[in-house]
Each structure stands twice: as structure tokens, then as C-alpha cells.
Amino acid sequence: MMGCKMFELLFWVSSVLCFACSARGFKPADNYLIDCGSPNNNTIGGRVFMADEFASKFLSAPQGVVGNTSKSITSSAVSRLYETARIFTGVSEYTFSISQGGRHWIRLYFYPFVYASYDLRLARFDVSTENHVLLSSLSVGAPLVKEFSVNVTTNSLTITFTPSENSFAFINALEVVSAPDRLILDDARTVKPSMGFQGLMWQALETVARVNMGGPMVSFDNDTLSRTWVPDQSFLIEKNLASSVSNIRSVKYVDGGSTPEIAPASVYGTCTKMNSLGDPNSNFNVTWEFNVDPGFHYLVRFHFCDIVSYSLNQLYFNVFIDSSMVVRDLDLSTYLVNVLAAAYYMDYVTDSAVTNKLRVSIGPSDLHDVYPDAILNGLEIMKLNNSYGSLTGSGTASTSRSSSKKKVGAIVSVSVGVAFGVLLAGVLFMFWRQRRQLACRRESKTWVPFSTNGGTSHTMGSKYSKGTTASLNSNTGYHIPFLAVQEATKNFDESWVIGIGGFGKVYKGELNDGTKVAVKRGNPRSQQGLAEFQTEIEMLSQFRHRHLVSLIGYCDEKNEMILIYEYMENGTLKSHLYGSGYPSLSWKQRLEICIGAARGLHYLHTGYAKAVIHRDVKSANILLDENLMAKVADFGLSKTGPEIDQSHVSTAVKGSFGYLDPEYFRRQQLTEKSDVYSFGVVLFEVLCARPVIDPTLQREMVNLAEWAMKWQKRGQLVQIIDPNLKGNIKPDSLRKFGETAEKCLADFGVDRPSMGDVLWNLEYALQLQEAVVQGDPEDNSMNMIGDLSPQINDFSQLDPTVSSARFELSSVDDLSGASMSKVFSQLVKSEGR
Ligand SMILES: *[C@@H]1O[C@H](CO)[C@@H](O)[C@H](O)[C@H]1NC(C)=O
Ligand SMILES: *[C@@H]1O[C@H](CO)[C@@H](O)[C@H](O)[C@H]1NC(C)=O
Ligand SMILES: *[C@@H]1O[C@H](CO)[C@@H](O)[C@H](O)[C@H]1NC(C)=O
Ligand SMILES: *[C@@H]1O[C@H](CO)[C@@H](O)[C@H](O)[C@H]1NC(C)=O
Ligand SMILES: *[C@@H]1O[C@H](CO)[C@@H](O)[C@H](O)[C@H]1NC(C)=O
Ligand SMILES: *[C@@H]1O[C@H](CO)[C@@H](O)[C@H](O)[C@H]1NC(C)=O
């Protein structure tokens, strides 16, 4: 895969553990299991909890006694751990040496019983680590297991039990166990506004809920990492609205998705879904409710795996946290490489909770033509420590013994200009997308594609964020030194130019590790150019998708505005359609390219709560890789779409002639449907293989959109298709394609289909082209726009002898490539990259 080597280098995940490589299970480097107070080692679920005597070496100056209960406890598998306890009458510490830094679980087991003069229900105490208060003024009335995780960066971890005045502390069992580094990444999304969150690595987390949706309890001895997953029934608000599905064998783990360590197949293989009882008009949410503490942020991890669909792109649904929509029209098949039932997860960090309830809901998409359904396979909710480093309400700096030692300023607010703040956030967030979504991964602590020269002193950290954390500084990878860019392009050798656009020239280049890149060098800094430069970095870094072109880096040294992308071997879609002498693409290839581009755009429109509108969809902005896979490029004009409660964004009209949505032009109001219009024009362009504006033609033919619509409305589209396609398109496929393009070009945005609908229809057109046996009435049920008329297999229309309007494909400049913003000052022939 192109650019793979580069990305390998980009991965800076610090662990040397690789799930993909480690054949079987995760082996924790540190694994301390203590059955406190017990005279014997106890083996529970294959794990040996050591007897108290072996644990005494970890316990400094123990003050207190070992206690036991005479009552036999039979409630659960861990009951043997509960039979004994260590009781502390003074401050006591367990100190464990940590052989490998990183996230560690701390699990504390409490079971209150009465031993001699100690009634454990009366105990009251704090538990803390060096940096975090885990529990304060805890008293335990019923059996309790608390799970925390902290990133240990020193070579030891101390857990301190501090009895409250005149009271005592106790513990029945204790675990300190390494967790895989990949389990909690540094990044997530925030709920409101939807943007990148960064800094999870510094957080102490407390597990609030870990739920196996629609399935039984998965106990610690059946979990890959000794966690317990509880069933969701008790959290469901209206149980009758939900039903469960189980299909554990269908679960697939693929690169870029989840791993068995993140959650086992027994979790992904069951789900709770909308109980729509076959009613296609069902419209309700399935909601779960959890108890939380006000004032804290929570990490909400959704586990998804589409075990209910029969094919890709069948299931679309919305996901909410409290009243905020976090994902609209979630289509699980767009996230992973065309694999049904692939395990996937998403992390969101909530606002500071205002009430003591947190609700999570799933509900049907409002895309028409989609059967209302929604699923959730698993859910984890973890509390983040507050700014005092505490996980408990009252754990302020003054009450916490340990917080006085707390390092100050772990995260300092970034005092930089807003523009660069956004830029920075974007670039940082890009790491998250990348670590998740790229197939080729290898750990490497630093990014060193530009072998030294020592010239890498200019970093994001030093330039934009003096005094910020190491976590920011460590992400300097995306900045590429000017020297390296010069080297890669043979000092911007004119013979390496592969395109010229409004933004500037595009050069082919080769980094010194051999990675081929496309280098887009902006014209000397103008305000307009700078804005587009930043937009592009921001957009590309947020949106990582196999059908969106990837950004490899950028350079802003010496007033330069340079963007470095993955190199797309086969150039633009446009060049394959006309004017460049490439061999003609087959109909299937064209359909696949349209489908790929539609996927990319669909992702832009729906990948996050706020839609992103591309604004410059055209064949010159659809690039093809070495396998002719389509990727949407050029985000310089992109805009974040309307808030969910608004219907449009008002903005100055930008875009390219011939592709412009007339409604947008008239009303200057931008919605996703403007992209749909432009995409419709691209569809006709693909079908007819001619420029969208060709001034050399007769007047009624100049504008492709108008011309093609005329023929489409007459049902005679076949008359104007690319002569190379004649006889090679099945009529049904052509009809479906024509109808889809026609719908896209509807005068009013509301009448146009969504990108998701377009995608379905194109896939259907491909199926119709590929289908061997046709005329199966079942096929009609998949028909998304209009009906299939019955004359299937009628090839008479495609008789190549039927005369058709022919085009002189002259080599005149066409206007279609030029962005509106530039077209008045110069007529440029743009290849968009
Ligand atoms: C109990 O566990 C300790 C610590 O893991 C170990 O050293 C000891 O040999 C074990 N004893 C028995 C009887 O298994
Ligand atoms: C509880 O501890 C006492 C004193 O250490 C011991 O004599 C007794 O056998 C223990 N009881 C149980 C049930 O383990
Ligand atoms: C733990 O923190 C260090 C920085 O001190 C960081 O490099 C590392 O990636 C973090 N580990 C995890 C698993 O978050
Ligand atoms: C583990 O899973 C298997 C298969 O689902 C089940 O039969 C077994 O009872 C489970 N064990 C526990 C302890 O839950
Ligand atoms: C689902 O929940 C969200 C958030 O509370 C709400 O805005 C939406 O209207 C609900 N949808 C339905 C169909 O009840
Ligand atoms: C949690 O504690 C860390 C210090 O360990 C601090 O940097 C971070 O800001 C805290 N989290 C929140 C949400 O305040």
C-alpha cells in the first residue's frame, strides 16, 4: 500500500506490544494479585491471588491486623477472596515496583464483615495513589469492587490507605495489573461541541459501568483482560422498546477496528437493538441510564458490531449522549474495509456532568429508505479525575495527602492564537484517526523520515505552544522541515510539476525513505490562501477515511504554505474521462470509482455530529490510487455544516463552474445537498466523458448538467453516453445511474437524496451491471429510487448502430476545473491537486 512505510514511522504508540503480532492473549508485565489476610494462595479463574504473607513485602509499616469471617460466603466466584481482609488502623501503603510503565489497573475488593471488635461496615477511609485520590471517606455497606486505571510513569506505584479520624480502613483483595497500551488511547471526541479531545493518557479513570448489551454477564474469567461485563437490562429505561440479538460467531476483528483485548467477541457478538416489531415507521430511541457524580467528565466508549445486517450499508442510526447527538446516520460499514460485523469502538468525553444521571440512547436515522433500526453491542463509562487529580467529589488539593506531591501544570492551557489553536487541535487529532484507521502499524517512538540533518528544531511545540505538555511536543511529526520538502521535490523542479491549481503548483516528490508524495505549494501567503491552507489541514486531520486523500504533513516555515499528501498514482478522475489519452475506463470501473467517492462524501457529511460540506466536488478533486480506488481531495473550501437545529450555513458562494448548485447560488445557503448536486454533475460527466462546460459546443450542449438532464427526462440518456461505453452498459444499470444523477440535480436541495442514498443507488447500479440472472422480483425490493420498469435484459437500446449525438472532444480549456474565487482573475486549468 502506498504511503504505508511512512505511516509506520508515524505511529508513535509507545508500547512494544502489538496485538496483531502477539498470537494469543495479553501477558501483563506487572501482575500483582493479593488475597489480603489470606493464609493461602487462592486461584480464581486461573489467576493466583497470593497469600497475605507473600504480600507483606509490599506493605510498608502495616498498622493493623488480619481479619477473617467465620460465615461462609457463597455469593460469587470471588467469594474466597472475601473471606479474609487486612484491617488498617493507621496510614498504610502498598508499594509495587513497576517493570513497565503505562496504564495499570487497580482493582479493590471490599466485603464488610465483623471480625473481633472490627465491624468493617463502620470503617471510613481514603485510598489514593501518588498522583490521584481514588476513594475518599469511603464506607462500605455491601460487597463492592472498584476498578481504576492509571498511567504509571515511574518505576513504582504506591497505594495508600488512610483511615479517617477515629476510624480504620480495610481491603479484602487487591490487584495491580498492566493493561495493554492500546486500550485507552490519548484521544477521543468531545460531545459538545464535537471536536478532538486529547490528554486521556494523563487521566486516572474509574470504571462506572461496563455493559454487555443484549447478552449475559461476561465474567472476569471469560474476558480477555479479566474484566467483568454486566448485562444491560437493569440500565434500560423502557425494556419493551429493546430486543436482543446474539451472533457471536460472526464477529470479525479487522485492522483499524477494535481488538479482542478492547472487548471480547462475547461482547461484540450480542447487541440490544430497537424492537421495531417490523413496523417501518418506528421512531423511538432505546435509552440506558447510569448513575454518575455531577462535576466530573466521563469517557463513554461505545462498542459496535453490525451483527444484524445482511449486507453492508444497510444499517444507519443515530447515537446520543444525554440530549446531544454524537453520531448522525452512523453507518458502521463506512468505518472499516467493507467488512460486515467488524468490531469497532468510539470514545467520547462528556461535558462535566450537571446531574447525577447519564443517559445513552440510540435511535433510527431519519434517512428515508432506511429501515428504522439501531444497535449497541457494548458500553463502557469511565470517570475522569477532576482538576485536583481526584476521582471523588470532595477530594480537593487540601484534603488529599498525596495531591500536594502532585506535579503542577500537567496540562497548561494553550495560549496561542485561535487559528493556530484550531490548527494544532486538528493536527493532534489526526494522530487519533490515524492510529485507529490505518492498516499498517508498527510502533515507533519518534517520527524520523527525514534522517536528521539536525534541522528539525522548528516544531509545533516550540512554535505554537510554549510550555505545553510533552504530549503536545511529542506530536511534532506532522510538521515537515522545508529542507526535506526541497529535497523531496529536487528543489521544486519544474519538470516534477503534476498539476496547477488556484492554490498553487503541485509537485511529485519522493521522501528520502522512498515514499512518493504529492507536494502542494501555496502561492506566497495571502489571507485567502492562508485560510484555505488551515482549513485543509484541519479538515484532513479530522477526517480519515480510505476514500479521502490523506495528509502526510505540512510545512509553514519561511512563509511557505506547503501540504504533503499521499501520492495518487493515477491522478484525477477527470483525466481518465477525457483529454489525457488514458485508456477508457470500463463501466464497472467507473461505477466503483463513483461509489468510492460517494463513500468519502457520505463520510464527510455524516461521520460526525456536524456535517462537513466539501463545496468543491468535481472530477478533478476525485483522485485515483494505483488500484483506481477513488479518494476525495481538496478540502480547502470545506465548511462545517449547519448545526443540527439549523438548516443551512450562509456563506459567500464558492465552488467550480458547471458543478455549482443553483440553489446555493441563488440563496447563498449551503447544505450537504450542494455537494449532492455537484456529485450529480460528476455522475453525468463520468457517463458522458465530456467537460461539464464546453463553450465550443452548440449552445444547448455547453452545460453538461442541462444537456444530460434533457436527455434523461426524455428517457434517452443512452443517446449521449461515452461512445466507449456503448453496448457495455446493461440498461437497468444505466437507468438506475441516470435516475440517481437526475435526483441529485433536483432544483431544490430538499428533493435531492442524501449522499447515503446516492451510495446505495450506485451500489445497486453496480449490482444490476454485474447480475447474471436478472428479473428476479426480489431485486425490486432493493430499489431505492423509483421503480424498475419490467423491460429487463432489453439490449436493443444499446445497439451500437443506433445513431447518437457525438461530441468533438476538442482540447480547449474548459472552465470546469477553476474555482470561482479565482476564475475572475485568471482562467486556470486546474487539476485540483
Ligand atoms: C503462593 O504465591 C507466592 C507468590 O506468587 C509464591 O511465591 C508461592 O510459591 C505460592 N505458594 C504456593 C503454595 O503455591
Ligand atoms: C480466622 O483467624 C483466626 C485467627 O487468626 C484463626 O484461628 C481462624 O481459624 C480463622 N478462621 C477462619 C474461618 O479462617
Ligand atoms: C503514559 O504517559 C506517558 C507520558 O508520561 C506516555 O508517553 C504514555 O504513552 C502513556 N501511556 C498510556 C498507555 O497512556
Ligand atoms: C464462559 O463462557 C462459556 C461460553 O459462553 C460459558 O459456558 C461459561 O459458563 C462461561 N464461564 C463463566 C464463568 O461465566
Ligand atoms: C432520541 O433522543 C434524542 C436525545 O434525547 C432526542 O433529541 C430525539 O428526539 C429522540 N428521538 C426520538 C425519536 O425520540
Ligand atoms: C486529572 O489529573 C491529571 C494529573 O494527573 C491532570 O493533568 C488532569 O488535568 C486531570 N483531569 C481533569 C479532567 O482535570
Side-chain angles (χ1 to χ4, degrees), residues 11-17 26 28-35 38-44 47-58 96 98 100-105 131 149-155 157 175 178-188 191-192 198-205 237-238 241 261-262 274 276 279 281-289 299 317-328 347 357-366 372-374 384 407 410-411 431-432 435 443-446 469-475 609 643-645:
F11 290 120
W12 53 285
V13 183
S14 56
S15 159
V16 286
L17 286 157
F26 168 75
D30 298 306
N31 192 25
Y32 298 101
L33 311 175
I34 304 174
D35 186 355
S38 169
N40 317 107
N41 289 354
N42 261 321
T43 304
I44 312 266
R47 303 199 305 156
V48 181
F49 282 74
M50 68 180 88
D52 198 272
E53 62 172 305
F54 299 108
S56 58
K57 60 175 177 266
F58 307 118
F96 302 100
I98 297 299
Q100 194 178 310
R103 197 161 279 278
H104 284 64
W105 267 307
N131 298 315
S149 73
V150 295
N151 181 0
V152 184
T153 52
T154 49
N155 56 14
L157 172 69
E175 294 183 24
S178 308
D181 279 328
R182 294 263 184 77
L183 193 68
I184 307 280
L185 298 180
D186 195 38
D187 324 80
V191 172
K192 216 166 55 181
Q198 226 244 337
L200 284 178
M201 73 160 95
W202 306 97
Q203 303 298 319
L205 301 172
I237 302 259
E238 288 190 75
L241 295 182
E261 273 77 17
I262 286 165
M274 275 178 75
S276 26
D279 175 2
N281 297 316
S282 299
N283 188 18
F284 57 82
N285 292 334
V286 178
T287 301
W288 296 264
E289 189 176 79
L299 171 63
F317 59 100
N318 298 330
V319 181
F320 307 88
I321 294 178
D322 290 326
S323 56
S324 304
M325 187 186 282
V326 293
V327 203
R328 184 181 350 150
D347 284 344
K357 299 286 180 204
L358 187 149
R359 286 185 171 206
V360 165
S361 311
I362 52 173
S365 160
D366 33 9
D373 204 352
L384 269 55
K407 285 171 213 85
I411 290 184
F431 282 85
W432 176 64
R435 276 182 295 160
E443 284 72 20
S444 160
K445 203 135 189 140
T446 45
T469 64
S471 71
L472 298 186
N473 284 325
S474 64
N475 286 344
E643 298 286 352
I644 286 154
D645 49 357

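In each ligand, atom 1 is the first atom listed, and ligand 1 is the first ligand listed. In this chain, numbering begins with 1 at the start of the sequence shown. All values reported here derive from a predicted model rather than from experimental measurement.
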For this session: Kindly write out the residues that satisfy ring-ring contact (aromatic ring centres under 6.0 Å, His included) with Tyr32, not counting sequence neighbours, or none if the list is empty.
Result: Phe58, Phe96
Exercise. So, for Lys357 and Asp322, which heavy atoms are closest and what is the spacing to 0.1 Å?
Worked result: O-OD1, 4.1 Å
For this session: Look up atom CG in Leu384 and atom CG in Leu200, then write down how far apart they are to the nearest 0.5 Å.
Result: 6.0 Å
Problem set entry | Distance from atom 7 (O) of ligand 5 to nearest protein heavy atom, with residue and atom | Phe320 CE2, 4.3 Å
Seminar exercise, completed: Counting from 1 in the order shown, the ligand 5 atoms closer than 4.0 Å to a non-hydrogen atom of Ser323 are 4 (C), 5 (O)
Problem set entry | Close approach, Ser361 and ligand 5, non-hydrogen under 4.0 angstrom | no
For this session: Locate the shortest heavy-atom distance separating Gly363 from Phe320; write the atom from each residue and the value.
Result: N-CE1, 4.3 Å
For this session: Please write down residue, atom name and distance for the protein heavy atom closest to atom 5 (O) of ligand 1.
Result: Met50 CB, 4.3 Å
Seminar exercise, completed: Looking only at protein heavy atoms, what sits closest to atom 12 (C) of ligand 1 is Asn41 ND2, 3.1 Å
Problem set entry | Heavy-atom pair with the smallest gap, counting every atom of Val150 and Ala204 | CG1-CB, 3.7 Å
Exercise. Do any non-hydrogen protein atoms sit less than 4.0 Å from atom 14 (O) of ligand 1?
Worked result: yes
Exercise. Side-chain contact, heavy-atom cut-off 4.5 Å: Asn318 with Ile362?
Worked result: no
For this session: Identify, by atom number and element, the atoms of ligand 3 in contact range of Asn151, meaning under 4.0 Å from any of its heavy atoms.
Result: 1 (C), 2 (O), 3 (C), 8 (C), 10 (C), 11 (N), 12 (C), 14 (O)
For this session: Write out the residue and atom name of the closest protein heavy atom to atom 1 (C) of ligand 5, then the distance separating them to 0.1 Å.
Result: Asn285 ND2, 1.3 Å
Exercise. Does an N or O anywhere in Thr153 fall below 3.5 Å from an N or O of ligand 3?
Worked result: no
Exercise. Is atom 9 (O) of ligand 5 less than 4.0 angstrom from at least one protein heavy atom?
Worked result: no
Problem set entry | Contact with ligand 5 for Thr287, non-hydrogen, under 4.0 angstrom | no
For this session: Kindly give the heavy-atom pair with the smallest separation between Ser178 and Ala29, and that separation in Å.
Result: OG-N, 3.5 Å
Problem set entry | Ser149 and Arg103 side chains, donor-acceptor separation under 3.5 Å | yes
Exercise. Near Asp322, which atoms of ligand 5 are under 4.0 Å from a heavy atom of that residue?
Worked result: 4 (C), 5 (O)
